[in-house]
Amino acid sequence: MSILSVFLSAIFFTILGMGYVKGYNIVKEKDVTQLVKYYLLFAAIRFVLVMTVVGTYVVFEDNREDSFRFAAMFFGMYVVMLIITLIIKH
């Protein structure tokens, strides 16, 4: 796993986190009762995107060890992102 993979993963989660906060603020301004639906929808979108990125990396990476490390790092970043967004907005 290269430093580029780590860097791009960090950018990916930063963009996802910023998108969540921006969307949260927009939904909160329009109709607070819709926040639960927004959270569930965005959680599903995040999960699908994370699984797609990990699956794509595993398919195209020849080294099994690197694939495992990338998946572990990416899922770790996913959990940290979930915790941070819950702390920031709840």
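Source: prediction; values computed, not measured. These values consider heavy atoms only, across backbone and side chains, with no hydrogens, waters or symmetry-generated copies.
- Following chains of ILVMFWY side-chain contacts shorter than 4.5 Å, one can reach V27 starting from V32, so the two form part of one hydrophobic cluster.
- By the ring pair (Phe, Tyr, Trp, His ring centres under 6.0 Å) test, F13 pairs with F74, sequence neighbours left out.
- Nearest heavy atoms, Y39 versus Y20: CD1-OH, 3.4 Å.
- L86 and Y38 fall within a single hydrophobic cluster, where Ile, Leu, Val, Met, Phe, Trp and Tyr are joined by side-chain heavy atoms under 4.5 Å apart, directly or via other members.
- You'll find the side chain of V6 stays beyond 4.5 Å of the side chain of F70, heavy atoms only.
- Among residues two or more places apart in sequence or in another chain, the side chain to side chain contact (heavy atoms under 4.5 Å, CB included) test is passed with T33 by D31.
- Put simply, L82 and I11 are part of two different groups of oily side chains (I, L, V, M, F, W, Y) that touch within less than 4.5 Å, one to the next.
- Sequence neighbours left out, the pairs with a member in residues 67-87 that pass salt bridge (Lys or Arg N to Asp or Glu O under 4.0 Å) are E65-R69, D66-R69.
- In this structure, L35 and K28 approach most closely via the heavy-atom pair CD2-N, 4.0 Å.
- Remark: T14 pairs with M18 by the side chain to side chain contact (heavy atoms under 4.5 Å, CB included) rule, at least two apart or across chains.
- Residues forming a side chain to side chain contact (heavy atoms under 4.5 Å, CB included) with V58 (at least two apart in sequence, or on another chain): V54, S67.
- Atom CZ of F75 has more than 12 neighbouring heavy atoms from other residues, nucleotides or ligands inside a 6.0 Å radius.
- Using a 4.5 Å cut-off between side-chain heavy atoms of Ile, Leu, Val, Met, Phe, Trp and Tyr, with links allowed through other members, F42 and M51 fall into the same hydrophobic cluster.
- Closest heavy-atom contact between S9 and M73: OG-CE, 3.4 Å.
- Nearest heavy atom pair, residue Y57 against residue S5, reads CE1-OG, 3.9 Å.
- You'll find the side chain of F47 reaches within 4.5 Å of the side chain of Y78, heavy atoms only.
- For the atom pair CZ (R46) and CG (L49), the distance works out to 10.5 Å, reported to the nearest 0.5 Å.
- For L4, the side chain to side chain contact (heavy atoms under 4.5 Å, CB included) partners two or more places apart in sequence, or in a different chain, are S2, L8.
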